[in-house]
Amino acid sequence: MSLKAPAPEHHEGSALRIGIVHARWNQAVIEPLLAGTKAKLLECGVKESNIVIESVPGSWELPIAVQRLYAASQVQSSSGGATAGDLLGGSTTDLTALAAPASGPFDAIIAIGVLIKGETMHFEYISDSVSQGLMRVSLDTGVPVIFGVLTVLNEAQALHRAGQGGAPGAHNHGEDWGLAAVEMGVKRKA
Ligand SMILES: O=Nc1c(NC[C@H](O)[C@H](O)[C@H](O)CO)[nH]c(=O)[nH]c1=O
């Protein structure tokens, strides 16, 4: 029994609609993480047509992109004609052009990024801001935002947590994020 990962609860995800926003930095690690996340969602019964995937340049852009994806899906599902800008307060920008392809609100959104410590304090500032930002979007919107951002000290740590590299104990954390999204999405609907 792992002392770290929670015992997985098994929930049925066929009624869920899940958004995934991923950064493109460190693509060699992002790809397996994204694949692991999506595979676990499908394994839990989430329909492929109910999984909306978008990308941003880097992890810094994850909070605003998650917030926009939420707002655009609300515009799609609301009949009142409000624009996403109204929902976000102030701006009248209508984001329906950016709205998610399918319609309907999301039951959970997964934010995926890989931050690797460099020689400067850049890593610390981005890591702290992104984690605070994603938590704020989740609490502000009421939609569970799953924290899928690896904040690691070197590439080997990143690859290990994407289930790559072959070292003992390598595990694709994307699978955990997919499970968390299904659990939180089901519980939010209950
Ligand atoms: O610097 N390292 C990284 C990084 N920097 C870019 C940043 O997220 C943002 O896209 C730009 O600053 C532009 O706003 N983004 C990552 O996801 N991982 C990193 O390791």
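Both counts, for ligands and for their atoms, begin at 1 and track the order of listing.
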> Taking only heavy atoms of H122, which atoms of ligand 1 are found under 4.0 Å from at least one of them?
Replying inline: 1 (O)

>> Does only the side chain of W60 get under 4.0 Å from ligand 1, or the backbone, or both, or neither? Count heavy atoms.
In response: both

>> Could you identify the single nearest non-hydrogen protein atom to atom 13 (C) of ligand 1 and state the distance to 0.1 Å?
In response: E61 OE2, 3.3 Å

> Do any N/O atoms on V114 end up under 3.5 angstrom from N/O atoms on ligand 1?
Replying inline: yes

>> For a quick test of reading the model, state the closest non-hydrogen atom pair linking W60 to Y125 and the distance between them.
In response: CZ3-O, 4.4 Å

>> I need the minimum non-hydrogen distance between S127 and L115, along with the two atoms involved.
In response: OG-CD1, 3.6 Å

> N26 heavy atoms, cut-off 4.0 Å: which ligand 1 atoms fall inside?
Replying inline: 18 (N), 19 (C), 20 (O)

> With a cut-off of 6.0 Å (strictly less than), are more than 12 heavy atoms of other residues, nucleotides or ligands near NZ of K38?
Replying inline: no

>> Minimum heavy-atom separation for A15 and K189, please, with both atom names.
In response: O-CE, 3.3 Å

> Which residue owns the protein heavy atom closest to atom 4 (C) of ligand 1, what's the atom, and how far is it?
Replying inline: W25 CD2, 3.4 Å

>> Nearest 0.5 angstrom please: W177 CH2 to N172 CG, how far?
In response: 7.5 Å

>> Using a 3.5 Å cut-off on N or O atoms only, is I116 in polar contact with ligand 1?
In response: yes

> With respect to I112, which candidate in I30, I146, L150 satisfies the side-chain contact (heavy atoms from CB on, under 4.5 Å) definition?
Replying inline: I30

